[in-house]
Amino acid sequence: MILALSAFISIFTTLAIIAVLGKESFGFFQQVSIWEFLFGTHWEPLLEPKSFGVLPLLAGTLLIVVGSGLIAIPTGLMTAVYLSEYASERTRSIIKPIMEVLAGVPTVVYGYFALTFITPMIRLILPDTQIFNALSASIVVGIMILPMVASLCDDAIRSVPVSLRQGGYALGATPFEVTKNVTVPAAFSGIIASFVLAVSRAFGETMAVTLAAGATPNLTLNPLESIQTMTAYIVQVSLGDTPAGGIEYQTIFAVGALLFVVTLGMNVAANWIMNRYREVYE
Amino acid sequence: MVINDPILSIWNLNIRYGQTLAVKNNSFEIEKNKVTAIIGPSGCGKSTLLRTLNRMNDFIDSFNTDGTINFDGNDIYAADADPVEIRRRIGMVFQKPNPFPKSIYKNITWGPQINGYQGDMDTLVEESLKGAALWDEVKDRLNESALSLSGGQQQRLCIARCIAMRPEVILMDEPASALDPKSTARVEELIAKLRQDYTIVIVTHNMQQAARVSDNTLFLYEGELIEYGPTKALFTKPEKQQTEDYITGRFG
Ligand SMILES: Nc1ncnc2c1ncn2[C@@H]1O[C@H](COP(=O)(O)OP(=O)(O)OP(=O)(O)O)[C@@H](O)[C@H]1O
Ligand SMILES: [Mg+2]
């Protein structure tokens with residue numbers, strides 16, 4: 001009974017979110033065309049002359065997602081391979097808890113870390129970099145999601161049956177060949193799942209990004225400039241004194257709806273990939 | 001037992017897991033191009049002994065061994081011995097079929113490929129599958145997943161991928177124990193065929209199987225080598241009481 005109720009709560013919450021997002025964005029899209037919203041290149045909803053092109057926010061988000069993914073995915077996978085295939089039990093018992101601590105650090109702390117440590121480092125090497133910049137934010141988000149990638153990939157790799165590895169060794173393969181051609185491919189669906197979760201997390205990350213990357217909607221792919229992501233925009237408006245009900249206020253629901261759709265799309269794609277490969281690998 | 005043409009010579013072999021002695025002071029030789037069966041009750045150390053012969057126990061942390069195992073004149077546990085090279089030359093088939101979750105074709109080609117095989121892969125695949133008496137059943141579906149095969153077919157695929165490496169010795173740990181009687185019969189036929197070209201060491205629980213497929217039989221009991229001799233003699237006129245008790249089913 002309690003279990004059913006708990007399940008119901010999450011279903012209800014999801015439906016409520018969809019309803020609110022739908023209603024408020026509907027109001028928004030009566031005044032701004034979907035076309036203008038999705039393909040407009042200028043985002044200036046709060047100041048006259050207003051414009052509602054979401055592309056700059058999308059580009060900002062993309063920069064962070066791609067940048068942090070480029071950092072966290074290869075490093076996380078390599079960490080997992082090291083932990084599961086090469087590290088001794090002792091090393092493992094030291095590194096695993098450290099990763100858990102890293103995963104539990106509040107994101108604000110990561111934001112300050114980026115601002116006070118990573119950004120100065122970048123500016124030391126590339127002096128033209130703006131104080132708020134996408135690169136610093138990408139790096140810190142990459143560090144944030146790395147433990148999750150490593151830990152989930154590690155679980156996936158360790159769940160590959162020992163017998164499969166032995167099959168590889170019995171054919172005169174080196175540990176590296178077994179890892180690369182047997183273990184990692186067999187753990188593929190779990191590894192992809194971890195990538196998707198990590199990317200979703202980067203996609204939705206707000207606090208650290210706002211602190212490190214700034215609040216300048218900017219249609220650019222240059223990581224050294226200040227940008228604004230979709231989530232950061234939502235926070236900016238929610239915390240500001242924008243009156244409820246106006247179009248300015250409705251923008252956050254439109255942006256939220258877009259976030260929702262993209263995240264959903266990613267999860268569907270991930271499920272599809274996982275099912276496809278599960279057929280092959282189990 | 002005196003063996004004329006040994007391929008593996010084992011002297012005073014002890015095998016331990018941590019402090020526990022699992023195989024005790026075994027000395028014997030494996031005859032080239034013959035089938036040698038290792039029999040004995042559950043837990044007596046058959047798998048332990050077998051896996052030590054191609055260094056598959058290296059991955060168990062608590063494993064350690066002393067004594068010598070000479071293969072082709074060299075001690076396989078010598079400091080400069082290369083375990084990867086040894087496993088290339090001494091292949092292994094496991095109790096539970098463990099094909100890779102790849103296509104049938106790739107299951108065969110993977111080993112030769114990583115070991116730098118230069119010849120024609122299609123030919124190798126065909127020969128290996130024919131060698132494992134599987135070709136006719138799978139020749140039209142080489143690109144399907146190996147996991148789509150039945151258990152018996154999977155085991156023959158594992159044998160095929162093993163012989164694709166052209167090993168000198170094939171170690172088999174109860175290769176038919178997870179299979180139904182019909183598949184078991186096919187694997188046994190296969191072993192009879194393979195004995196022409198390979199040296200085979202097979203662990204089995206099943207004494208009829210040992211009697212059917214092997215030339216020599218080694219009886220292991222609680223880690224000790226009790227009796228070793230030509231299969232026929234060992235099953236008809238065992239020298240030791242323990243052997244007789246075991247093969248007549250009085251224990252184990
Ligand atoms: N990885 C291991 N770590 C510690 N002890 C082990 C390990 N593997 C086997 N042993 C022990 O070594 C002894 C011999 O085991 P082994 O698996 O070689 O027996 P077996 O004759 O193959 O048995 P079965 O017929 O059941 O397969 C047993 O007492 C077992 O508990
Ligand atoms: Mg065994």
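Numbers restart at 1 for each chain; the letters A, B, ... are given by sequence-line order, proteins then strands.
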**Q** Quick one: which residue pairs count as a side chain to side chain donor-acceptor pair (under 3.5 Å) with a foot in residues 68-80 of chain A, not counting sequence neighbours?
**A**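 Listed once each, the pairs would be none.
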**Q** In terms of heavy-atom pairs under 4.5 Å with chain A, which of B/Glu144, B/Glu85, B/Met56 leads?
**A**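 The residue among B/Glu144, B/Glu85, B/Met56 with the greatest pair count is B/Met56.
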**Q** Are more than 12 heavy atoms, taken from residues, nucleotides or ligands other than B/Phe59, located less than 6.0 Å from that residue's CZ atom?
**A** yes
**Q** Which heavy atom in B/Arg161 sits nearest to a heavy atom in A/Gly167, and how many Å separate them?
**A**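 What the structure gives for the nearest pair is NH2-CA, 3.7 Å.
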**Q** Give the minimum heavy-atom separation between B/Asn115 and A/Gly172, together with the two atoms involved.
**A**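 Here B/Asn115 and A/Gly172 meet closest at OD1-O, 3.2 Å.
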**Q** Should we count NZ of A/Lys96 as having more than 12 external heavy atoms under 6.0 Å?
**A** yes
**Q** Hey, is OH on B/Tyr17 packed in by over 12 heavy atoms from elsewhere, all under 6.0 Å?
**A**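 Atom OH in B/Tyr17 is packed in, count exceeds 12.
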**Q** With a 6.0 Å cut-off (strictly less than), is the heavy-atom count around CG of B/Asp120, excluding the residue itself, greater than 12?
**A** yes
**Q** Between B/Phe94 and chain A, which part of the residue has a heavy atom less than 4.5 Å away: side chain, backbone, both or neither?
**A**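 Only the side chain of B/Phe94 comes within 4.5 Å of chain A.
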**Q** Can you tell if the side chain of B/Pro101 reaches within under 4.5 Å of the side chain of A/Leu164, non-hydrogen atoms only?
**A**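 B/Pro101 reaches A/Leu164 side chain to side chain.
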**Q** First locate atom CD1 of B/Ile114, then atom CG of A/Leu171, and finally report the distance between them rounded to the nearest 0.5 Å.
**A** 7.0 Å
**Q** Considering only heavy atoms and a distance below 4.5 Å, find which of A/Val182, A/Thr174, A/Asn181, A/Val162 pairs most often with chain B.
**A**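 Between A/Val182, A/Thr174, A/Asn181, A/Val162, the count favours A/Asn181.
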**Q** Pick one of side chain, backbone, both or neither for B/Pro112, based on which atoms fall under 4.5 Å of a heavy atom in chain A.
**A**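 No part of it gets close to chain A.
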